[in-house]
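Step one of this worksheet: look at the structure below.
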Amino acid sequence: MALAFTKSALLSILSGGVVPLFLFPESVARVLDYLPFAGMVTVPVYTYLGKYSIQEAVSFIGLQVVWCVLLGVLVMAFYQKAIKKVVVQGG
């Protein structure tokens, strides 16, 4: 239960849901913009408010696609390695 609350709190903070990302120091905000969390709150809100142009919004969507592919490949590699170690007994 505590781990779920911690995950939720971290996602809210890193996505800009609690504190807008522009209030973070510039270097931290720049890093958070390129992590996948910004696509959860900050990018949709800024796009809706007109703070991002269409080109910027499309580039952020492209960045999210890159994150999806990268994390998908990472998960598949982890799964392939884990499936070789798992032994199931019974029937």
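Each residue takes its place number in the sequence, starting with 1.
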Task: For Val43 against Tyr52, the heavy-atom pair lying closest together - done: CA-CE1, 3.9 Å
Open item on the list: Looking at every non-hydrogen atom in both residues, tell me the closest pair between Ala38 and Pro44 and how far apart they are.
Closed with: O-CD, 4.1 Å
For residues 66-81, run the donor-acceptor check on the side chains, cut-off 3.5 Å, and write out each pair with its distance to 0.1 Å, sequence neighbours left out.
residue : atom : partner : partner atom : Å
Trp67   : NE1  : Tyr34   : O            : 2.7

Open item on the list: Filter on salt bridge (charged side-chain N to carboxylate O under 4.0 Å, His left out), then keep only pairs touching residues 63-79, sequence neighbours left out; what's left?
Closed with: none
For residues 1-28, tabulate all N or O donor-acceptor pairs below 3.5 Å that involve a side-chain atom, not counting sequence neighbours.
residue : atom : partner : partner atom : Å
Thr6    : OG1  : Ala2    : O            : 2.8
Ser12   : OG   : Ser8    : O            : 3.0
Ser15   : OG   : Leu11   : O            : 2.7
Ser15   : OG   : Ser12   : O            : 3.4
Glu26   : OE2  : Arg30   : NH2          : 2.8

- [ ] Rounded to the nearest 0.5 Å, what's the gap from OG1 on Thr42 to CG on Leu32? Could you check?
- [x] 8.5 Å
Task: ring pair (Phe, Tyr, Trp, His ring centres under 6.0 Å) partners of Phe37, counting only residues at least two apart - done: none
TODO: Considering only Ile, Leu, Val, Met, Phe, Trp and Tyr, and joining two whenever side-chain heavy atoms are under 4.5 Å apart, list the other residues clustered with Ile54.
DONE: Val58
Task: Distance, nearest 0.5 Å, that separates CG of Leu35 from CG of Leu63 - done: 9.0 Å
TODO: Could you list all the salt bridge (charged side-chain N to carboxylate O under 4.0 Å, His left out) pairs where at least one residue sits in residues 38-61, not counting sequence neighbours?
DONE: none
